[in-house]
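Taking it in order: structure first as structure tokens, then the write-up.
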Amino acid sequence: MSTLIKNTALTCILLSTQISWAQTPPPVQPIDPQLVGEWEGEFKPIDEPACTAYKWHMTRKNDGTYQFHAYDATQTVLNDEGHWWVDAGHSHYFENVNGQVEEPTTYRYMLSQNNFNGITVETEYTLTQPLAAGECSQTARFNETKLMKEAP
């Protein structure tokens with residue numbers, strides 16, 4: 001077999017291996033079923049006047065994936081998809097944007113039921129490490145409110 005054919009075959013094998021590796025889902029991580037669903041939040045840059053106020057819609061699925069859509073008064077600010085999970089004690093929340101190779105963003109989180117007949121569920125998140133310089137840090141703390149489906 002000529003060297004060209006051998007090299008071509010080897011390249012095809014390597015490419016197919018890389019493609020299948022890239023499509024392999026991440027290992028199954030524990031989730032908190034109480035975080036599954038649709039959530040809304042708002043960032044008000046009280047302590048960071050150089051940052052833009054925005055709202056978001058987060059959908060977390062029970063397969064550990066999420067979709068995030070942030071928008072300000074004029075346009076979409078960010079659309080992300082990725083994976084989320086929690087630690088075994090359900091005190092830390094992790095998320096990785098698809099294709100992100102750095103460490104996941106990590107938050108401490110706490111769920112609370114407001115006393116409106118258990119209808120409103122809020123989660124408070126606190127960033128455990130500062131974000132890179134120049135990024136709006138969300139003042140390291142924010143709340144989300146779960147969108148509850150109305151009974152038929």
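We use all heavy atoms of the structure for the numbers below, so side chains are in, but hydrogens, waters and symmetry mates are not.
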Rounding to 0.5 Å, atoms CD (Glu38) and OG1 (Thr145) come to a distance of 13.5 Å
Considering residues at least two apart in sequence or located in another chain, which fulfil the salt bridge (charged side-chain N to carboxylate O under 4.0 Å, His left out) criterion with Glu124?
Arg141
Of all residues at least two apart in sequence or in a different chain, which pass the side-chain hydrogen bond (donor to acceptor under 3.5 Å, both in side chains) check with Ser91?
Asp87
Backbone of Gln34 reached by a side-chain donor or acceptor of Lys146 within 3.5 Å
yes
So if I apply the ring-ring contact (aromatic ring centres under 6.0 Å, His included) rule between Trp56 and each of Trp39, Phe142, Tyr66, Tyr125, which one comes out positive?
Phe142
Non-neighbouring partners of Val86 that pass side chain to side chain contact (heavy atoms under 4.5 Å, CB included), sequence neighbours left out:
Asp32, Leu35, Trp84, His90, Tyr93, Tyr109
With side chains defined as the heavy atoms from C-beta onward, is the minimum distance between Leu147 and Glu40 less than 4.5 Å?
yes
Applying side chain to side chain contact (heavy atoms under 4.5 Å, CB included), name anything that partners Thr65, two or more places apart in sequence or on another chain.
Lys61, Asp63, His83
Does a side-chain heavy-atom distance below 4.5 Å link Glu95 with Met58?
yes
Taken to the nearest 0.5 Å, the spacing of Leu127 CG from Thr105 OG1 works out to 7.0 Å
Backbone N or O of Thr106 within a donor-acceptor pair of the Thr128 side chain at under 3.5 Å?
yes
Partners passing salt bridge (charged side-chain N to carboxylate O under 4.0 Å, His left out) against Glu144 (at least two apart in sequence or in another chain)
Arg60
Connected hydrophobic set around Phe94, excluding itself, where side chains approach under 4.5 Å:
Trp85
Apart from Tyr71 itself, what residues make up its hydrophobic cluster when side-chain heavy atoms of I, L, V, M, F, W and Y under 4.5 Å apart count as a link, directly or indirectly?
none
Between side-chain atoms of residues 73-81 and protein atoms elsewhere (two or more places apart, or another chain), which donor-acceptor pairs fall under 3.5 Å?
from  : atom 1 : to    : atom 2 : distance (Å)
Thr74 : OG1    : Asp72 : OD1    : 3.1
Asn79 : OD1    : His69 : ND1    : 2.5
Glu81 : OE2    : Gln67 : NE2    : 3.3

Flag side-chain contact, heavy atom, 4.5 Å: Tyr107 against Thr126:
no
